[in-house]
Amino acid sequence: MALLQIAEPGQSPQPHQRRLAVGIDLGTTNSLVAALRSGLSAPLPDAEGRVILPSAVRYHADHIDVGHAARDAAARDPLNTVLSVKRLMGRGLADVKQLGDQLPYRFVGGESHMPFIDTVQGPKSPVEVSADILKTLRLRAESTLGGELVGVVITVPAYFDDAQRQATKDAARLAGLNVLRLLNEPTAAAVAYGLDQNAEGVVAIYDLGGGTFDISILRLTGGVFEVLATGGDSALGGDDFDHAIANWIVEQADLSHDLDPGAQRELLQTACAAKEALTDADSVSVQYRDWQAQLTRAAFNALIEPMIARSLKACRRAVRDSGIELDEVEAVVMVGGSTRVPRVREAVGELFGRTPLTDIDPDQVVAIGAAIQADTLAGNKRDGGELLLLDVIPLSLGLETMGGLMEKVIPRNTTIPVARAQEFTTYKDGQSAMMIHVLQGERELISDCRSLARFELRGIPAMVAGAAKIRVTFQVDADGLLSVSAREIGSGVESSIQVKPSYGLTDGEIMRMLKDSFEHAGSDKVARQLREHQVDAERLLEAVQGALDADGERLLDAEERLAIEQQMQDLRDLMNGTDGSAIEQQTKRLSQVTDAFAARRLDSTVKAALAGRNLNEIEE
Amino acid sequence: MAISMTEAAANHVRRSLEGRGKGDGIRLGVRTTGCSGLAYVLEFVDEPAGEDQVFESHGVKVIIDPKSLAYLDGTELDFVKEGLNEGFKFNNPNVRGECGCGESFNV
């Protein structure tokens, strides 16, 4: 029977109408899925009890590995194993080339400007790779919750632009997920601590992961989180702490600096273990091969001080960018595994003058917040007491005007959903068309902003310059995605575009991916049919063998028996192959050959049953 | 007349109440709905109503209204894992038939 969860008072769901929704933290290194069950938001573990799914996908010719197995194989099969795909989401080929030789993949250009990674399964876009990660999490959630998901909330960094958000949404769609909302990661962390229940205030989210550092300053007013500023360092994280300890070992043990990769990995593992031990211990014994020494927490703190200082500098800058003072920050939330380091907590506490919030596992807090939001959005809190959390657009949206200038139509930090219109006019006599160039960014020159889309409004009636009234409407839906329409008011001619950010997928590419997934559905179906035929064949073989053993001697002559056994052998030979229809045919043939035998067996049974009785007895 | 919980169920309810930060216990009940007539209710309780009956099992309060008690007398609430899925299960001796999924039943 279905297993039940505890509901809030008066909100037991109708049978068969539980609306299952989960939150997904789609991270650069690791991903998680969490759900609210019996009033508790918690990450969902896999069958081995692990909640973290490494964001790694390895493509084999005939199947795909996602997670631990893929990550562990990265060194052996670098070309077909994709790590940190989040860095590529919504990026163009040119952007990716800028990342330079850091990435081992072979990139090929797609129909759009999107980079495709050439794997043994053919070119894969970052969207497809992310979809494979999301699919794994979806299956885990569905088997854990025991039903299909109504929807998901997926978290994205606050600084993700439209193209990166659109790419994330496309990946979800490809994974068969209905996205209720994309939620900013810092907002999700604040929700996990219930900070959205406060009336208002400024919150800082300090997110120090393995390889990146993000600081976000949010202002809460009337249930709406507004991103005041974001900052950080894309090359600062816990891995740097490991390197600091590793360098210390190299110096102390007087090792040569050019270690082979194997020794280096071993050294880093030793360093990482020491770092983790120092979270609870004041001093730890570090052993590397035949060298051994004590590392105190004070010495470790000194090693990492420059990195912590860099993060605090970014914090101060973000606070300054927000136009607030440090003491206006009312709560500081710690996110990311590296915030377990005691010195990090201490330093952040000193900077903001208050103890940071650390009760919730910093690796899980984003997914936990997303799950709470997903549950609300799925409609599981029907008393209406909860405010729906709103987000704001991270960068201003506007269009190009004469002279290559950006005219902002929706300023950044406007809460979404939102629609704004502005009137423009023609600049030449008799101008019959107008190019609308949609941009995103804060700068004045369009060359400094990001181009999202272009479209043309045609059929403007001939008028003198400045007489046409063209109303351009920008509309942003709850996920932060944009549609723009332009209308000449006098004549009513209209044109519009759903913003497919320049780096997003073209419809053709999306179609191809959907088709791919259909094709897979086809091969899955063939595999299932084959299995069904094999099972039928097995069942028949067993039945015939049983019958032969029981009555073969008595009811069959040698020739008949040989014919049946020949057909059985043929079927056995086919059974291990992959030709389902051949198995089906041979099964039928065997069944036909044994028809006469079956009939004779039936006769003999009936005769035995009737022997020695008279008609009256039988009629009863 | 009695209602009870297994230790596993009680532990899980206690953890849920702690995580939720408030609540007096857990409400068991039935409603007339669903494909087989009646459906189970399993909810947190913030304020028991005057006519509610309260049982205690492994230190956790089980609260039930008298009408539901007629259908649930002798029931043991269990917490079970089935593969990755986990949740509560009503072992109700009064049930005569239930729908395929067990979410609704009749007596």
Side-chain angles (χ1 to χ4, degrees), chain A residues 1-18 20 22 33-51 53 136-148 192-194 197 359-361 364 368 371-372 375 380-383 385, chain B residues 5 9 11-49 60 62-63 68 77-92 95 98-105:
Chain A
M1 79 175 256
L3 301 177
L4 303 173
Q5 305 294 331
I6 312 172
E8 286 295 309
Q11 293 179 25
S12 287
Q14 295 289 322
H16 314 292
Q17 289 183 16
R18 289 165 302 155
L20 302 176
V22 296
V33 56
L36 194 71
R37 286 189 293 170
S38 295
L40 285 182
S41 180
L44 306 176
D46 65 8
E48 272 99 276
R50 304 173 296 205
V51 298
L53 180 77
T136 305
L137 294 172
R138 188 192 87 191
L139 292 178
R140 184 194 293 186
E142 288 183 344
S143 56
T144 304
L145 301 176
E148 239 177 72
Y193 278 101
Q197 305 296 310
D359 294 343
I360 304 178
D361 185 323
Q364 302 176 356
I368 286 173
I372 295 172
D375 189 64
N380 289 331
K381 291 203 170 137
R382 274 162 299 166
D383 57 351
Chain B
M5 258 193 275
N11 287 337
H12 199 81
V13 170
R14 195 178 301 115
R15 274 211 306 279
S16 296
L17 283 167
E18 279 166 13
R20 189 168 170 265
K22 58 175 183 182
D24 207 28
I26 188 126
R27 175 180 299 283
L28 267 54
V30 298
R31 290 183 298 166
T32 50
T33 179
C35 41
S36 277
L38 293 168
Y40 292 115
V41 168
L42 186 62
E43 291 173 0
F44 293 112
V45 177
D46 288 325
E47 281 172 37
V60 175
V62 182
I63 292 151
S68 295
L77 184 68
D78 196 5
F79 185 79
V80 296
K81 282 185 199 250
E82 287 175 1
L84 283 175
N85 193 0
E86 56 179 31
F88 293 93
K89 199 170 182 170
F90 282 73
N91 292 324
N92 182 358
V95 171
E98 48 184 44
C99 75
C101 65
E103 278 193 68
S104 57
F105 64 99

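Below, chain A is the first sequence line, B the second, and so on; all start at residue 1. Keep in mind that what you see is a predicted model, and the values were worked out from it rather than measured. Below, each value reflects all heavy atoms present in this structure, side chains not excepted, and no hydrogens, waters or symmetry copies.
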Closest contact, heavy atoms only, [X] versus [Y]:
X	Y	result
A:Leu4	B:Leu42	CB-CD2, 4.2 Å
A:Ser38	B:Phe88	OG-CE1, 3.7 Å
A:Ile6	B:Phe44	CG2-N, 3.5 Å

Q: First locate atom CG of B:Asn85, then atom CZ of A:Arg37, and finally report the distance between them rounded to the nearest 0.5 Å.
A: 7.0 Å
Q | Region of B:Glu86 in contact with chain A, defined by heavy-atom distances below 4.5 Å | A | both
(Q) Using a 4.5 angstrom heavy-atom cutoff, name the option from B:Lys81, B:Glu18, B:Arg20 with the most pairs to chain A. (A) B:Arg20
